[in-house]
Amino acid sequence: MFYNHQKIEKKWQKIWEKEKIYEPNFKKAKRPFYNLMMFPYPSAEGLHVGNMYAFTGSDIYGRFKRMRGYDVFEPIGLDGFGIHSENYALKIGVHPSKQAKISEKHFYKQLKMIGNGFSWDEKLETYDPEYYKWTQWIFIQLFKRGLAYRKKQAVNWCPSCKTVLADEQVIAEKCERCSSEVIKKNLEQWFFKITKYAERLLKNLDMIDWSERTKIAQKEWIGRSEGINLKEKVKNLNIEFEVFDTIPQTFLAQTFTVIAPEHPLVERLITGTKYEKSVREFVEKIKQKKAVNKFDVEKESEGIFTGRYVDNPFGTGDLPIWVASYVIAGYGTGIVNCSAHDERDFAFAKKYNIPLKVVMLPLDVDLAKKVQNFEICYHHASDGIIQEPIEMKGMTWEKARKPIIEYIEKKGFGKKTINYHLRDWLISRQRYWGPPIPLVFCENCAERIKNKELGIKNKKFDKGEIENPGWIPVPEKDLPVILPYIKDFQPKGTGESPLATDKKFYEVKCPECGKMARRETDVSDTFLDSAWYYLGYFFENWKATLRGVRQKASREIENSPFSSPLIRKWLPVDMYIGGQEHACLHLLYSRFLAMVFNDLGLIDFEEPFKKFRAHGLLTKDGAKMSKSRGNVVNPDEYIKKFGADVFRMYLMFLSPFERGGDFQSKGILGIARFLDRIFNFGNSFANRKVGEKQTLNKFENKKELEKLFHQTIKKITEDIENLNYNTAISALMILFNKMEKESQLSIVNCQLFLKLLAPFAPFISEELWAKLGHKKSIHLEKWPEYNSRLLKQKKIILIVQVNGKFRDKIEVNVDISEQEAKEIILSREKIQKYTKGKEIKKIIFVPGKLFNIVI
RNA sequence: GCCUUGAUGGCGAAAUUGGCAAACGCGCUAGCUUCAGGAGCUAGUCCCUAAAAAGAUUGUGGGUUCGAAUCCCACUCAAGGCACCA
């Protein structure tokens, strides 16, 4: 019989949706399981095969958990607000609000095609005003607590997208979205204080069950480094500053100091000296080079002497202060003490003939000579021997660290300090398609705050208002600030959003004092939309459930969107699956916001995703799929031709889910054949009644097959739990190959097999299940249990080795003793061939496994 | 430079975590079939060999062990990430 997948799949999509088999009862659910997959952003015509790969992997896990008795919630939505979708709209010349509706239709259609068990009733879109109302609300909560602030600094600017970007969105100096070279611009922008949470973001990583590589990536991005801040004074000037040093062991080797060109102190150091003009020129030159990011670290380590000295607190001579291109203004204090025990410092000193000093030597005499003669730079050597200070002489570099830090602190030279590489999250964007930042700038209120008029009409200014004078949040009852329709939505490149062209939008009265004010015209970063969406599903549902109807939440702001009892019940997310590329973007931002919500008392957890697994990358002919390479695979054609089940199983059969794989369509026929055979096999049972031969559960006279069934159940159960779908499918094949060869299989065997197949091939298993006469969906059936007693073997194959080489195998009782085995084995001809005339030195016997004769 | 992951037949891969290397699938070869389709069935398919026995073989080189794809050391290559962070 021909398997008409197109007809069958359509039929079941409809039935599933109508009968709501994937909609959990949020209130009554006994064993809630939140199975989340990163929701897609519509930045192209449709989903590509990589998305399908990820969604299928997540869905198999969800279906498995559902059959294991959990109330699984598998939501879906679209991250359709923001630069990703806007860039696509720009490309095809359609207004983003119009394109959003088109994408919605197409994406949801594709997502239905793949056969996932989504809760369609709960879907959400981030551009829905009912959704971004809360994105704005969250912005205001952060503002009020002083976690959002405005600051002018050199920021990443994408000349193609014509907007600023967060550090996390700059990948290898290129824009995360369009791969253009990112440059630096000095602009005033909104930031979220994620650095305040650096330590917590780092520490909590030890408590969550995440893919190790994702955790490592976050750890490195946060970049904690412990060191010491040394106090310094500038000679003949009333200037004091600190320098950060992570390797205080060699602090006495420091012979000069370098300062970043952008450092505000540079001006004060040189004003009125003969160095003034040349240093200023140098600073300008470096700034310009840095702006276009054409700065080669290796080749262009340049500097200039400022004419000033540090009054050395250690009494080892004054340290000349240089401006050096390799110092970063934004890290540590932007000023660094330099020594012969640092490669860059060493090279810099050699280039400009600055004197060096050595305080640590290797044990090797020849090498030590070279170090002393400044021929090589000796650094980061755990076994280097410290020469100074005298108190630590003879200690190794590694061992000296602690006592030297104590020594420095005791002498009052400096203090222990921790620095992080993590920077604050740049949140504003000069684009159209995003949630308007819900703030208003009022000159009058700015004046009042500057004049310390901190309270008016019984209302006090909050922390955010005091720290950002003049900036007043939109009252929560007035949310959302609706994104106006602007025909010419193109980014302007002026440093202002297209919203700044709409007078009606930005001319508002100050919500605080009533005078004329100007609304913020920037929108917020897309990653803010997606940093809380996992909560959004519950928020809307909660409201709908309370009202007993499924409808969107009302416009009124309730106490808090997060106070739903369902959030307490369903969160944090039990299993989150997504791409590794979001390790330092979405996954970091989501954790940060959850911590903030936790601090605000909105939620009772601070880690949103208990378990996270990064799926592998699906490549095409060994290369990443991308439009520029022209190797993007369109899944629709494959689904149309072979069916969703074949496509799902083919993708999962490629390789382990967490490793990713290479899409070479030639193997797909194997899976197509396999499902075809299953379909024919299942149909041969179709005309029997369900009740018939129900008792054949016992597998009479088919001990071997019975055992295989139980082995397979065990294997697949474990494999799915570990996301090893490829070997689970292989186990299904092995079992089915055996079943086909059996002449008298019971309907029970068939049913059992279909259940094991169900998470992988939801349509065909459902179709055959129904043909067997079942009224209830197979996806709501109970997952088969295996009998571990049956798996115990009485007879086993004992492997016989001679000198560790495989020579023979014999079937014996599982509990055979060494002596018994020895007698049998040594009498065998095959073995005698090797042992004849040789002395047996040793016998290694692993019970139930192996017998090794050493001669 | 640093970090992560990986390297096993013609290809995708498997190996109970130190105990029969190559399960399962693709491809290929031969035969049988005929609902000419995305065919099906049977047998074979790591290398050397006419075949068998024996042997060699998991990127390279070394080590630990009765025994290594698996553990340790050094290196090579590939993919991805970070990178002036003192």
Side-chain angles (χ1 to χ4, degrees), chain A residues 2-3 171-173 211-217 219-221 223-225 227 243-247 254 258 260 290 295-298 300-301 324-328 330-339 341-345 348 379 419-423 580-581 583-584 616-617 619 622-624 641-642 646 649-650 653-656 658-674 676-677 680 715 718 724 726-734 736-737 797-809 833 841-844 846 849-855:
Chain A
F2 181 66
Y3 168 43
I171 312 290
E173 290 167 18
S211 293
E212 209 46 46
R213 57 189 166 130
T214 314
K215 287 208 230 178
I216 289 169
K219 235 174 235 177
E220 284 183 4
W221 186 260
R224 183 184 199 270
S225 95
V243 296
F244 182 55
D245 187 0
T246 53
I247 308 165
Q254 294 168 350
V258 286
K290 283 194 177 176
F295 199 74
D296 192 324
V297 187
E298 304 288 306
E300 301 193 61
S301 197
S325 62
Y326 68 91
V327 190
I328 309 166
Y331 183 72
T333 63
I335 312 174
V336 186
N337 275 6
C338 301
S339 84
H341 298 295
D342 178 283
E343 270 195 324
R344 282 156 315 175
D345 299 348
F348 189 81
H379 66 107
N419 272 311
Y420 301 89
H421 293 185
L422 183 71
R423 298 295 139 83
Q580 169 71 4
E581 69 273 16
C584 303
L617 193 70
T619 56
K624 208 171 161 174
K641 190 167 176 199
F642 296 100
V646 171
M649 278 181 86
Y650 166 65
F653 189 54
L654 277 176
S655 60
E658 289 178 84
R659 194 195 295 176
D662 198 49
F663 188 92
Q664 303 171 342
S665 54
K666 61 181 181 182
I668 200 166
L669 283 180
I671 298 287
R673 269 175 223 150
F674 180 54
D676 233 14
R677 278 157 60 206
N680 288 328
K715 169 106 182 112
E718 289 167 359
N724 289 326
N726 57 333
T727 48
I729 292 171
S730 137
L732 275 175
M733 288 171 169
I734 294 169
F736 187 73
N737 289 347
I797 306 288
L798 192 70
I799 293 156
V800 184
Q801 295 181 334
V802 178
N803 281 349
K805 277 207 165 75
F806 169 75
R807 293 299 177 198
D808 197 7
K809 51 186 167 185
K833 228 164 63 186
K841 275 191 192 157
K842 201 172 164 188
I843 281 173
I844 287 156
V846 185
K849 237 181 201 173
L850 166 129
F851 192 95
N852 187 11
I853 306 159
V854 187
I855 52 173

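To find a chain, count down the sequence lines: A is the first, B the second, and so on, and within it residues start at 1.
Remark: the separation of the C1' atoms in B:U65 and B:G10 is 35 Å, to the nearest Å. Between B:A69 and B:U49, the distance separating the two P atoms is 25 Å to the nearest Å. For the C1' atoms, the distance linking B:G25 with B:C32 amounts to 23 Å, nearest Å.
Listed candidates were B:G55, B:G19, B:G25. Nearest to the side chain of A:Arg807 is B:G55.
The phosphate of B:G25 has OP1 or OP2 within less than 4.0 Å of a side-chain N or O from A:Asn737. At B:A14, one or more side-chain N or O atoms of A:Asn726 fall inside 4.0 Å of OP1 or OP2 (strictly under the cut-off). Close to B:A86, at under 4.0 Å from its OP1 or OP2, lies no side-chain N or O of A:Tyr326.
Judged by distance alone, with hydrogens and angles left aside, the side-chain atoms of A:Ser655 form a donor-acceptor pair with the main-chain N or O of A:Gly660 at under 3.5 Å. Between the A:Asp342 side chain and the A:Asp345 main chain, a donor and an acceptor come within less than 3.5 Å of each other.
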Could you list all N or O pairs between the protein and nucleotides 26-32 of chain B that sit under 3.5 Å apart?
from	atom 1	to	atom 2	distance (Å)
B:C26	OP1	A:Arg673	NH1	2.6

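Nucleic acid contact class of A:Leu654 (heavy atoms, under 4.0 Å, all strands): sugar-phosphate only.
The base of B:G19 sits with one of its N or O atoms less than 3.5 Å from a complementary donor or acceptor on the side chain of A:Gln801.
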>> Show me the dot-bracket string of RNA chain B, counting Watson-Crick or G-U pairs under 3.5 Å, with | for pairs to another strand and [ ] for crossing ones.
In response: (((((((..(((......[....)))((((((.......)))))).(.......)...(((((..]....))))))))))))....

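Counting all heavy atoms, side chain and backbone alike, A:Leu732 lies closest to A:Met649 at CD1-CE, 4.4 Å.
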